[in-house]
There are 2 protein chains.
Amino acid sequence: MKETPLFRGRIFSVAREEHALPDGRRSDYEIVRHPGGAAVLPLLSDDRIVLLHQFRPAIGESLWEIPAGRLDEGEAPEACAIRELEEEAGYRAECLEKIAEIYPAVGYCDELIHLFVARNLTQVPYAREHDEYIETVSLPLSEAIAMVQRGEIRDAKTQLALLMVEKQNPGA
Amino acid sequence: MKETPLFRGRIFSVAREEHALPDGRRSDYEIVRHPGGAAVLPLLSDDRIVLLHQFRPAIGESLWEIPAGRLDEGEAPEACAIRELEEEAGYRAECLEKIAEIYPAVGYCDELIHLFVARNLTQVPYAREHDEYIETVSLPLSEAIAMVQRGEIRDAKTQLALLMVEKQNPGA
């Protein structure tokens, strides 16, 4: 495999790769290289969950999301999820349960998101980054599932976390 | 909003954008610009579904996925899904049902994937692109859901399509 760097940014880089396909043919691909991330659904004791309403410059609007962030260099996914849960949502979790690994954009990007659910939460002060603009709400899991079904939650990791946790807690 | 082009590729481009946040502060973002895509879960008459096992250079391995592709310029999402269903899976659908819109990577990419389910399918010859290396299998929807839960299906659009269609067809 031959790799040519094309762009280096703060969050991701872009490279051109020449790949041998399984049948021996060769082809060129432009690939976004991303360090990976972690995301966590905060599940409160009364089957309520916590969502963030967050302005996303890439999309140009505010979206409903679970807390998530990019892995720092050498950071374990669970540590990243615990950090983002505290920074973005203001909740501390003693331990997390891994519910999925997701590749969000397999056609052109190597990002892998580690998806967790957090229970037994305690509230702590926020510690948001300067360019994050976030509102936090709590709502019943069933209402969040209805928002997915009505198309009001469109962030992939959030849709998935909600549907996977609902499968663990049917009727919640 | 001020936008500076940083990279132009075949499938996506990268730009630096200066955004005014909702509170008036300004911040810089590097953003992957993507034309958007469509993906479709082929649901056969006996509650079996069709999955592709496809080598993905960005990931470096073969993944289980539903048929999907990038929108051609001016192409309607439904037309794209019908085209990819035929090219990649070898099935023709008369009509599709939209089940979701998903933003796979809201932190840095504007891609929107239009997600469909296709029923009443008829088999047609494949018409794959030269650099696609794909195996096609059909399996029960329930078995595909179990693969999601065991972490064997890790492509976000595929995980989501399966969970959303299972919610429409409980016990299938």
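Computation of the quantities below employed the complete heavy-atom set of this structure, encompassing side-chain atoms and omitting hydrogens, waters and symmetry-equivalent molecules.
Both the backbone and the side chain of Leu160(A) come within contact range of chain B, judged by heavy atoms closer than 4.5 Å. Contacts between Tyr108(A) and chain B at a heavy-atom distance below 4.5 Å involve backbone atoms as well as side-chain atoms. For Lys98(A), no part lies under 4.5 angstrom from a heavy atom of chain B. Contacts of Ile99(A) with chain B are absent, with no heavy-atom separation under 4.5 Å from either backbone or side chain. Heavy atoms closer than 4.5 Å to chain B are found in the side chain of Glu17(A), but not in its backbone.
Contacts with chain A were tallied for Ile31(B), Val106(B), Ile59(B), Ile102(B); Val106(B) has the most, counting heavy-atom pairs under 4.5 Å. The choice from Asp155(B), Thr158(B), Leu112(B), Ile145(B) that makes the most heavy-atom pairs within less than 4.5 Å of chain A is Asp155(B). When the candidates Arg150(A), Glu101(A), Arg70(A) are compared by the number of heavy-atom contacts under 4.5 Å with chain B, Glu101(A) comes out ahead. Ranked by non-hydrogen atom pairs under 4.5 Å with chain B, the options Pro104(A), Pro57(A), Gly107(A), Ala156(A) are led by Pro57(A). Between chain A and the options Ala105(B), Cys109(B), Ala15(B), the largest number of non-hydrogen pairs under 4.5 Å is found for Cys109(B). Of all the listed residues (Gln149(B), Arg33(B), Gln168(B)), the one sharing the greatest number of non-hydrogen pairs under 4.5 Å with chain A is Gln149(B).
A side chain to side chain donor-acceptor pair (under 3.5 Å) with Glu65(B) is found for exactly one of Lys157(B), Gln159(B), His53(B), namely Lys157(B). Residue Glu61(A) is tested with Arg56(A), Arg154(A), Gln54(A) for a side chain to side chain donor-acceptor pair (under 3.5 Å); the sole match is Arg154(A).
Side-chain contact between Leu51(B) and Ile66(B) is present, with heavy atoms from C-beta onward closer than 4.5 Å. Looking at Val32(B) and Asp110(B), their side chains never come closer than 4.5 Å, going by heavy atoms from C-beta outward.
No more than 12 heavy atoms of other residues, nucleotides or ligands sit less than 6.0 Å from atom CZ of Arg8(B).
The two atoms that bring Pro77(A) and Ala38(A) nearest to each other are O-CB, 3.4 Å, heavy atoms only. Of all non-hydrogen atoms in Ala118(B) and Val40(B), the two that sit nearest each other are CB-CG2, 3.6 Å.
Classification of the His19(B)-Tyr29(B) ring pair by plane angle, with boundaries at 30° and 60°, yields perpendicular.
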